[in-house]
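Each remark here refers to the structure printed beneath this line.
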Amino acid sequence: ETLESASYECQVAFFSDLLTDTLGFAGMKMLRRVVGIAHVEDLESIEDADVRSQCERRAIEIAKKFIKSAESFRSIEEAIECA
């Protein structure tokens, strides 16, 4: 194994871990913004309670996927498709 290939493998592992940590953090932020004290205007401004509730449920579903399965995403594009 060459130094170049070892360096590349380290970079791939680093960015994979970074994506996992980023998605987990994003999931926690999303969850906090929906169910915590830090409600956000983008959801709170939806006047129709049924529509707002659907949006909040969807945000919670996505947040759960990001938190529980962050390591299963191989790219940010896969995470965007999930949303």
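Expressed to the nearest 0.5 Å, how far CD of E41 lies from CD1 of I46 amounts to 10.0 Å. Summarising the geometry, atom CD1 belonging to I60 is positioned 13.5 Å from atom NZ belonging to K65; distances are rounded to the nearest 0.5 Å. Taking CG of L43 as the start and CZ of R52 as the end, the distance is 9.0 Å to the nearest 0.5 Å.
A70 and G24 make their closest contact through CB-N, 4.0 Å (heavy atoms, listed as atom of the first residue, atom of the second, distance). Shown here for A63 and G27, the closest heavy-atom pair between the two residues is CB-O, 3.3 Å.
Note on M28 and V34: same hydrophobic cluster, where clusters join Ile, Leu, Val, Met, Phe, Trp and Tyr whose side-chain heavy atoms are under 4.5 Å apart, directly or indirectly.
Judged by distance alone, the side chain of T20 and the main-chain N or O of S16 form a donor-acceptor pair under 3.5 Å. Here the side chain of S75 pairs a donor or acceptor atom with the backbone of E78 at under 3.5 angstrom.
Side chains of S53 and D50 form no contact here, defined as non-hydrogen atoms less than 4.5 Å apart. A heavy-atom distance below 4.5 Å is not found between the side chains of E9 and E4.
Under the salt bridge (Lys or Arg N to Asp or Glu O under 4.0 Å) criterion, E61 pairs with R58, not counting sequence neighbours. Taking the side chain to side chain contact (heavy atoms under 4.5 Å, CB included) definition, one finds that L18 meets it with F14, F15, T22, sequence neighbours left out.
The other members of the hydrophobic cluster of F66, by chain and number, are L19, L23, M30, I62, F73, I76, I80 (side-chain heavy atoms under 4.5 Å, ILVMFWY only).
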